[in-house]
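In what follows, a single structure is set out as structure tokens and then discussed.
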Amino acid sequence: MLQFATILLLAQGFELDLGGGTDDAGAVQSRSDQRELGRRELAAMRVAFKERRYRDVLVLSTEFLEAKTTPGDRSEAAWMAVRAALKEGLPRMAVILAKGAIESGLGESRGIALDELAPLLEEDATAMELAPVLANQSLDDLPERWRGHSAYWVARHLLELEVVRRESAKAPPQPGAKAAAAKTTPSGGVVLDFGDEASSAGSTADSDKEGEDTPAPPKPKPPQQASAEPPPDLNRARSLLGEVDSRHPLFGRSRILAGMIATADGDDDAAEKFFRSAMAAGPAGVTDLATLELARVLYAKGAIPAALKRYRRVRPSSDDWGDALFEQAWAHFRLGNFGRTLGILEAFDSPFMIDERRDEIEVLKALSLYENCRYDDAIKAVDRVRRLRPVFDRLSEATAEKRAPADWLSLYRRRATLEDELLADRLRLLARNPGLRRSIEAYESAEAEYARLVGMALDARAMDRIERIFRGQFGPMQTRIGERVLNELTAQRVEIASLLKSAIAIRLEVEEQRTRVLQQQLRGARGGVVAEATGDPPSVKDDELFWPFTGEYWRDELDTYQVHLGRSCR
């Protein structure tokens, strides 16, 4: 009996006649002829591969894999197709083919193909695509050189599945605003659509049913369904990371991953050890991320001074520096260093950090000013938060629209040319998300690879088969990315709603405090809460230089600003 993965035939929609009906002499003869045809095609594939006619191998494989052949022949053909795709410089095609072929049988061709497929683990984009393929594969089947790579990427894949599961469980609901009745069709630009036909059909009569053709964020499963699909095995992920030894180039990243798994389990002490190990392992990018993660662990444990020391060690050239700087501002706020908090936030107004702006900055400014009885300045900061109301309204409208996931992906990719400035600006903020960027890059690489295949002018029937393969793999990928764009915009909307509520609360508290101060002053009372600006001079260390800020930003001074508040409350 053919194995399930073999019957699926690369799991990409090849049309197989699984037989059935009366097994008469004519049917037996037909199957015999097909097996003979399969053997001839397999022989032709071997010759073409030997002569390095790899495109012919791909074409012949689409024909061969239709026929009723033995599992052994099918396995050889599948793995030969994988190798041919690699030889033609089509790594994603090879990964897609390997996804179905990996369980189709053993033998020399499979071993050679895995050996040639393994180097794709050195590139992040293809490694992320290959990880799910290798998730159920024994490390022993891979060349020893690549076992560490496979262990790391499969462990990372398992953690990502767990993160997605948890985020889905707490995803904010889609806004209940009135939705547009018709699907909005993106205009401008050409996007190769690997999605299935249903994804481009727009809204249907049944689209209001839960989970059917709607772009809404994932919703928590009902309790009775929670156990239907077991969560990803993080214990296996930990075990796999143990295969990455200290000499491996991914060792530092594997320690970060182990720390993140420990954090997910709530084991901060173990996480701290893993992050410290990653900092020592390097390289620089790994050290920066590990330092930031360690600072977060210390912050969560209440060790704020120790966390601050770590935050300041994240290099300004790092992609993580903006996060480290903003979180450092919150750490100073918790310590009551309000002048330092405001000084750090001033850096985000610099043109050097235009891509690092954050909506919650003005709320933190308002809180810091309020704590120093700078009520007028606090109100100004609150009013700047309230300017986000039009953004909230536009995001509410946009996320309530009935769009297919492919349309959200298209909107993100066309963000630089959109006439809708508010929506374009919010989409630009998504570009800070490294995970989303990598997913987009992988998708665009797939488009480029598909375009190359079209340019090869292959046989029409073979091209139809190959197109189905890409549609089967990258249609779901397109859907996932589009849904992620929608979820990120929905999260922005929820965050802005929270900030607007905070702004209202701060304003009410400020007005109450100002009323108390005024009442005290009218009564001539002393003590209590009184706003009183003082002229206490700023102090600097012996090895520092005080330089008044006059609106001139210097890149190397961005994290050294401090607002002089004096003691304004007594």
Side-chain angles (χ1 to χ4, degrees), residues 292 295-296 298-300 302-312 314 316 320-389 391-392 425-426 429 432-433 491-514 529 531 533 538 549 551 553 557-569:
L292 176 60
R296 288 168 172 168
L298 294 171
Y299 183 95
I304 307 301
L308 277 170
K309 291 180 181 178
R310 297 299 173 183
Y311 280 129
R312 288 188 60 82
V314 178
D320 301 304
W321 189 61
D323 289 333
L325 198 58
F326 183 69
E327 292 173 30
Q328 187 184 152
W330 271 109
H332 279 292
F333 178 83
R334 286 191 59 182
L335 291 178
N337 301 331
F338 305 117
R340 186 74 180 97
T341 296
L342 292 169
I344 290 174
L345 297 181
E346 181 66 38
F348 285 90
D349 289 334
S350 163
F352 303 118
M353 300 190 69
I354 192 169
D355 294 329
E356 293 288 347
R357 62 189 176 85
R358 286 159 171 75
D359 294 325
E360 60 268 41
I361 282 176
E362 295 301 332
V363 168
L364 184 50
K365 282 184 179 179
L367 288 170
S368 299
L369 293 164
Y370 167 77
E371 290 292 337
N372 282 270
C373 299
R374 305 284 180 162
Y375 301 132
D376 291 339
D377 291 333
I379 290 295
K380 291 177 182 177
V382 165
D383 288 341
R384 287 193 291 270
V385 177
R386 294 170 64 188
R387 293 175 190 171
L388 290 171
R389 184 57 196 243
V391 178
F392 171 80
D425 182 61
R426 305 317 293 187
L429 289 180
R432 283 208 314 248
N433 188 314
Q492 285 188 24
R493 172 188 173 275
V494 171
E495 180 182 358
I496 291 174
S498 176
L499 294 176
L500 290 171
K501 291 179 182 178
S502 297
I504 294 172
I506 294 171
R507 187 180 185 94
L508 289 175
E509 185 66 23
V510 167
E511 294 298 346
E512 289 178 2
Q513 287 289 68
R514 287 207 294 194
V529 181
F549 175 71
Y553 293 97
E557 299 295 335
L558 289 183
D559 65 342
T560 65
Y561 300 128
Q562 178 158 328
V563 174
H564 172 52
L565 293 170
R567 292 177 298 168
S568 55
C569 291

| said: In the structure I gave you, are the side-chain heavy atoms of Arg358 and Asp323 within less than 4.5 Å of one another anywhere? | reply: yes
| said: Once side chain to side chain donor-acceptor pair (under 3.5 Å) is applied, do any residues pair with Asn433, and if so which ones, sequence neighbours excluded? | reply: Arg484, Glu488
| said: Any carboxylate oxygen within less than 4.0 angstrom of a Lys/Arg side-chain nitrogen, looking at Arg426 and Asp359? | reply: yes
| remark: Taken in chain and number order and not counting sequence neighbours, the residues that satisfy ring pair (Phe, Tyr, Trp, His ring centres under 6.0 Å) with Tyr311 are none
| said: Would you say that Val391 contacts Gln492 through its side chain, given a criterion of any heavy-atom pair below 4.5 Å between the two side chains? | reply: no
| field | With Phe348 via ring pair (Phe, Tyr, Trp, His ring centres under 6.0 Å) - residues at least two apart | value | none
| query | Going by the salt bridge (Lys or Arg N to Asp or Glu O under 4.0 Å) test, which pairs reach into residues 330-340, not counting sequence neighbours? | reply | none
| message | Just verifying a value: how many Å separate Ile344 CD1 and Leu364 CG, rounded to the nearest 0.5 Å? | response | 9.0 Å
| field | Side chain proximity check, Arg514 to Ile379, heavy atoms < 4.5 angstrom | value | yes
| When rounded to the nearest 0.5 angstrom, what distance separates CH2 in Trp330 from CG in Leu367? | 5.5 Å
| request: Using side-chain contact (heavy atoms from CB on, under 4.5 Å) as the criterion, list what pairs up with Lys380, not counting sequence neighbours. | output: Asp377, Arg384
| query | Rounded to the nearest 0.5 Å, how far does CG of Leu345 lie from CD of Glu362? | reply | 8.5 Å
| request: Answer yes when Arg296 and Asp320 have at least one side-chain N-carboxylate O distance shorter than 4.0 Å, and no when they do not. | output: no
Show me the donor-acceptor pairs within less than 3.5 Å that the side chains of residues 502-510 make with the rest of the protein, sequence neighbours left out.
unit_1	atom_1	unit_2	atom_2	d
Ser502	OG	Ser498	O	3.0
Arg507	NH1	Asp383	OD1	3.0
Glu509	OE2	Tyr370	OH	3.0

